[in-house]
Amino acid sequence: KLRNPEVVYALLHRQELFEPFAQHPRFAELVLNIKNVLAYFNRSMDAAGMDAAQWTTERVTEVITAAAAKFRAESHVRVFQELRFTYEEETSPEEFFVPY
């Protein structure tokens, strides 16, 4: 169940913000996933078949909520392997935690 359709609404509204990151080597795969999800919701909006004048915030939210109920991530999103991180301990880590 989608708990916050307003987030999807905002992402659809400002989806062009992801374009600069699409060519960045570190973010390209993540942006592709975001674009795939947004494409799914864009198709759902197109399928609603409404004229521009008929769209209201409430109607967009309804379409997003209905589309989210049918959304299957495995069909639209590439799953990445679990990320592994390594940490290097500083020579004097206790200095990091000294209050100012």
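The analysis underlying the following values was restricted to heavy atoms, covering all of them including side chains, and did not include hydrogens, waters or symmetry mates.
Between the side chain of Tyr9 and the main chain of Ile64, no donor-acceptor pair closer than 3.5 Å is present. Between the Gln54 side chain and the Asp51 main chain, a donor and an acceptor come within less than 3.5 Å of each other. In terms of modelled atom types and a separation under 3.5 Å, the side chain of Ser44 and the main chain of Tyr40 share a donor-acceptor contact. Judged by distance alone, with hydrogens and angles left aside, the side-chain atoms of Asn33 form a donor-acceptor pair with the main-chain N or O of Arg78 at under 3.5 Å.
In terms of heavy-atom proximity, Ala68 sits nearest to Phe41 at N-CE2, 3.8 Å. Scanning all heavy atoms of the two residues, the minimum distance from Asn36 to His76 falls at CB-O, 3.1 Å. The minimum heavy-atom distance between Asn42 and Gln15, with the atom names listed, is ND2-OE1, 3.1 Å. Closest of all the heavy-atom pairs between Met50 and Trp55 is O-NE1, 3.6 Å.
Within the model, atoms CZ of Phe18 and NZ of Lys35 stand 10.5 Å from one another, a figure rounded to the nearest 0.5 Å.
Note on ring orientation: taking the six-membered ring where Trp is involved, the planes of Phe21 and Phe27 are perpendicular (angle over 60°, cut-offs 30° and 60°).
Clustering ILVMFWY residues whenever any of their side-chain heavy atoms sit less than 4.5 angstrom apart, transitively, puts Leu32 in a cluster other than the one holding Leu38.
In this structure, Arg43 has no side chain to side chain donor-acceptor pair (under 3.5 Å) partners at least two apart in sequence or on a different chain.
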